[in-house]
Structure formats: C-alpha cells, structure tokens
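Below: one structure, written as structure tokens.
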Protein chains: 2
Amino acid sequence: MNNNDISTEQIILEAAEAEFLDKGFGNAKMMAIAQRAGVSHSMLHYYFRKKENLFQMIFRQKVQSLSQIFEEIGRQHLSFFDMIRLVVECQFDFVARNPKLPLFVLNEIVSKKENLDLLLDIVRPKLTEIFERMEPALNEEIAGGTVRPVKIRDLAMNIISMNVSTFIFMTSIMENILPGADDKMKEMYIQERRESNVQFILNALRPL
Amino acid sequence: MNNNDISTEQIILEAAEAEFLDKGFGNAKMMAIAQRAGVSHSMLHYYFRKKENLFQMIFRQKVQSLSQIFEEIGRQHLSFFDMIRLVVECQFDFVARNPKLPLFVLNEIVSKKENLDLLLDIVRPKLTEIFERMEPALNEEIAGGTVRPVKIRDLAMNIISMNVSTFIFMTSIMENILPGADDKMKEMYIQERRESNVQFILNALRPL
DNA sequence: ATTATCTATAGATCTATAGATAATGC
DNA sequence: ATTATCTATAGATCTATAGATAATGC
C-alpha cells in the first residue's frame, strides 16, 4: 500500500491537471477531478487538503515547464538570425505540445495577482538572461544595417503573440479554416503556419 | 414607474456587463451583479428570468460591437497599403477601447460551442466581405512584386494576434514593462506600440 | 498501528421562485 | 389592476471534514 500511495496521488494530479486546464480554477470542481481520477472526492482532501493547494501544484508545474523553453533557448549559441528562428520555432513547438496552456495561464494570472507574481518569479530570470544576450546582438545588426531598428521588447511580444494566438484561435476555429480536415491535414496546416511565422518575423526585421 | 422600468433594466445590464467581462459566465454571480446594480437579486430574475438569458444579451451585444469594426473597415475605399494600415489601426483602437473584450469572448467561445456559433454567424459575413475585397488587391500587389507572397488568412491572423495580445498581456504586465508609470506614460506606450505594430506588419509584407 | 479509502454529512454559496408590499395608472 | 420591488426560502451544488472500514507493516 506504499507504492500504491504514490500512484493514487499521481492519478489525482493528472486528473486535476486536465480539469484545471479545461475549466480554470474557478470553474473546476473537486467532484469532477475525483471522477476523472476514479476515486472518492475525499481522497483529494486526504492528499492535498484544499482545492487551492491542488491548483498551486498544477499551476507551478505548468509555469515551470513554460520557463524551461527559455532555458533551452538560452543554452544555444547561434548567429542572430538563427537565434530568432530558433526562438520562434521552439516557442511554436512548445505551444503545439501544450495547446491549452497559454489560455489557462493567461486567465489565472489575470484573475489572481499571486499567480502573476509566481509566474514572474519563475520566468523573469530566464527571460532576462535571453534578453541580455539578444539585445546586444540585435543592436549590432541594427548598427550594421542588416536589421531594421526595432525594440527587443516589441519583437519578443510579437513573436509570443503570433505563436500563442495560432493555437488559442486554432482550437476553436480549426473546423472553420479547414472544414472536415483529418489529423494529417491539420498537422500539415500547423507546419505551414510555423514556417509562415518564422518568415513573417524574419521579413519584418529586414532593413528598409 | 414606466420610465423607471427601463432604467432599472439598463442598470442591471450594465452591472452584468461589468461582472461578466471581469469573471466570465461561470465565475460571474447573480448576487454580485445585483450588488453592482444596487438592486435585489430577484430583480435580475424579474427582468431576465435566468442567468443564461442575461449572459446572452451581453455576449451578443459584445460580439455585435466587435463586428461593427469590420463593417467600418469595409466601408472605406483605399489603396492596398492604406487599407492594411487602416485595418491594423482600427483594430488596435477598438481593443484599446475594450481591453477586456478579447479574453472574455475567447473564453466563452472556447468553453461553449453555441457561443462560437453565434459569433461566427454575426462576424463571418462581414469578414468574408473584407476578404473578398482584400484578397484580389493583395494578389495584385504580389503579382506586381510590391508585396511578398503571403496568404491573406495568415496575414489577418497575424494582425489580430499582435493587436489583441498587446492588450491581453498588457493588462497584467504593464506594471512590469513600465514600473510606476502614470496614465500619460501608459498612453504614450500604447501609441508607440500601435505604430510599431503598423510598421511591423507593413515591413513583413515587403518583397524580398 | 498506520495508511489508504469510502460513505455520510455539515456548512457555505448560488440560482431561482414564491409571496408580501408598495407604488402607479385607469 | 398592473407593475416594480423586496424578503424569505427552497433546492441544487460545492468544498471540506468526521468517522467508519479495510488493507498493510511491524
């Protein structure tokens, strides 16, 4: 009953993850999580005491997984343009693997300040590191006339915007863009969209 | 007591709008709406019977106000590049005036298929009209070598993405981008961001 | 003896309605 | 006589806990 212990706790966490990502904190129900996990709802309180605690575990875990892509990007050493391409692609692929994550995180940081603070605590150091490396590289390209003058903050925001939106909108609108498409066609569209984003960003950076 | 009637109904609608935009359908509470409106909660049922009905009125109204900007854009007759600028700026200004609207609408269409259907019914005809006018113009520019080959769908999605994200992110992150900024500084940043979006889009369209 | 699980239920909250009361129009 | 408003409350749902029961480890 000791190893079974870990398993139940894990099953609950997975059920909670699914429920919270689908519904958000406020609309997620403890009973629904229990049902997804196939255990009595009192089990959730046995392991996690409060809904809040269960949520914190999921939210922190998701924010951490999000921060890992920045770490991954930070490790590479590439030319400026290859770096931009890598940033766009890495981010795009992450959102493709976690399509519900952006809207979930967004809603929770908007609705509760503590969640935003947690996110900033975890993400900011890694983001700062990338900025500190990319900003001089960007300014060098601008000085050399190979990149149009842009602020790195605007650039970062545009990259995130385009990649995230692809999936936020797509979830609801895919059936409308590609009516009756099967999974292979959807996958093809996603790949097209990925390269389109890369090209769009790179082109927007070209000097006049 | 006949004109007072209309007024109370209106006050409730305004309170409901604020509550729904802040919290979304599921997290909005009838009691909270009543409190915002300064009336007994039974008044909400007297005028609107169910929470669902009250929500529908607000949601439909918001989607309609959203669809109006497309109508507005559709009325203009301009050159291709001026049209792009107009689309970006109109959209940006609309979101600036209604900063909570995008996330609200997004959440409701994701969580309930009927809401998406309503949105599509109202927005699609107007969007189609713009597409039908813009697509030939775009293809002409591409054929003439004045615009890089892009699909109009990708372009539209990128414009929406960048404008919407500006405000979705900004609501939560402004304090972080401009720590301790007053309203005038925030307004300046928003205007900067507006022109930055226009330039980014136009530049991304330039031919190789 | 401890750990894991379930059933039952308390207590809070939320939507919706019933029924009383006051205010207006005929 | 109708319309607008309030109070009280039914009925549903949700979180959290208490207490019983079964299963494991010593």
Side-chain angles (χ1 to χ4, degrees), chain A residues 1-62 104 107-108 111-115, chain B residues 1-62 104 107-108 111-115:
Chain A
M1 184 152 271
N2 208 344
N3 49 353
N4 194 13
D5 167 13
I6 295 162
S7 167
T8 302
E9 193 169 335
Q10 196 53 36
I11 287 167
I12 292 172
L13 278 170
E14 279 161 27
E17 177 179 324
E19 174 81 0
F20 284 130
L21 280 167
D22 272 2
K23 310 275 183 66
F25 178 75
N27 289 320
K29 302 299 162 196
M30 294 295 269
M31 295 286 234
I33 296 173
Q35 241 173 346
R36 285 186 197 244
V39 297
S40 158
H41 65 279
S42 56
M43 283 294 91
L44 313 199
H45 290 97
Y46 178 72
Y47 286 105
F48 302 97
R49 200 108 204 128
K50 297 190 299 173
K51 184 184 180 183
E52 179 92 4
N53 295 151
L54 194 46
F55 175 79
Q56 284 307 321
M57 304 226 64
I58 303 301
F59 186 73
R60 162 167 262 121
Q61 180 202 304
K62 287 296 144 193
F104 167 71
N107 278 317
E108 302 305 333
S111 66
K112 201 143 176 279
K113 203 189 162 306
E114 287 72 27
N115 292 335
Chain B
M1 188 155 265
N2 208 343
N3 49 353
N4 194 12
D5 168 13
I6 296 162
S7 167
T8 301
E9 194 170 334
Q10 196 54 38
I11 287 167
I12 291 172
L13 277 171
E14 279 161 27
E17 177 180 324
E19 174 81 0
F20 283 131
L21 280 167
D22 272 3
K23 310 275 182 67
F25 178 76
N27 289 319
K29 303 299 161 195
M30 293 295 268
M31 295 286 233
I33 295 172
Q35 242 174 345
R36 285 186 197 244
V39 296
S40 158
H41 64 279
S42 57
M43 281 295 93
L44 313 199
H45 291 96
Y46 178 71
Y47 286 106
F48 302 97
R49 200 108 203 129
K50 298 190 299 173
K51 184 184 179 182
E52 180 91 3
N53 294 151
L54 195 45
F55 175 79
Q56 285 306 321
M57 304 227 62
I58 302 301
F59 186 74
R60 163 168 261 120
Q61 181 202 304
K62 287 295 144 193
F104 167 70
N107 277 317
E108 301 306 332
S111 66
K112 203 144 176 280
K113 202 187 164 307
E114 287 73 28
N115 292 335

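Proteins come first, then strands; the chains are lettered A, B, ... in the order of their sequence lines, and each starts at number 1.
Rounded to an integer number of Å, the gap from A/L54 CG to D/dC14 C1' is 15 Å. The distance between atom CD of B/E19 and atom P of C/dC14, rounded to the nearest whole Å, is 10 Å. Atom C1' of nucleotide D/dA16 and atom CD1 of A/I33 are separated by 14 Å, given to the nearest angstrom. Atom NZ of A/K50 is separated from atom P of C/dA12 by 17 Å (rounded to the nearest Å). Here C/dC6 presents its P atom at 10 Å from CG of A/L44, a figure rounded to the nearest Å. Atom CE of B/M30 is separated from atom P of D/dT13 by 17 Å (rounded to the nearest Å). Between the CG atom of A/N27 and the P atom of D/dT15 there is a distance of 11 Å, given to the nearest Å. Distance, A/Y47 OH to D/dA16 P: 18 Å, rounded to whole Å.
At D/dT5, one or more side-chain N or O atoms of B/T8 fall inside 4.0 Å of OP1 or OP2 (strictly under the cut-off). Distances shorter than 4.0 Å separate some side-chain N or O of A/K51 from OP1 or OP2 on D/dT15. When the side-chain nitrogen and oxygen atoms of B/H45 are compared with OP1 and OP2 of C/dT17, none of them lie within a distance under 4.0 Å. In this model, the phosphate group of D/dC6 is not approached by any side-chain N or O of B/Y46 to a distance below 4.0 Å at OP1 or OP2.
Below the 3.5 angstrom threshold, one finds no donor paired with an acceptor across the side chain of A/S42 and the base of C/dT5.
With a 4.5 Å cut-off on side-chain heavy atoms, B/L54 and B/I33 count as touching.
For A/H41, taking side-chain heavy atoms from C-beta onward, the closest of the listed nucleotides D/dT7, D/dA16, C/dC6 is D/dA16.
Using a 4.0 Å heavy-atom cutoff across all strands shown, A/M43 reaches at least one base atom of the nucleic acid. Within the nucleic acid shown, A/A28 comes within 4.0 Å of sugar-phosphate atoms alone, with no base atom in reach, counting heavy atoms only.
Checked for salt-bridge contact, A/E108 and A/K62 miss the test: no charged N lies under 4.0 Å from a carboxylate O.
Base pairing of D/dT21 is made with C/dA4, judged by Watson-Crick or G-U wobble geometry with both donor-acceptor distances under 3.5 Å. Partner assigned to C/dA16 is D/dT9, using Watson-Crick or G-U wobble distances below 3.5 angstrom.
Toward the 5′ end of DNA chain C lies the nearest nucleotide of A/G38, the other residue of the pair A/M31 and A/G38 mapping further downstream.
With ring centers used as reference points, A/F20 lies under 6.0 Å from A/F55.
Considering every non-hydrogen atom in both A/R36 and A/D22, the closest pair reads NH2-OD2, 3.2 Å.
Sparse packing is recorded around CD of A/Q35, with 12 or fewer heavy atoms of other residues, nucleotides or ligands lying under 6.0 Å away.
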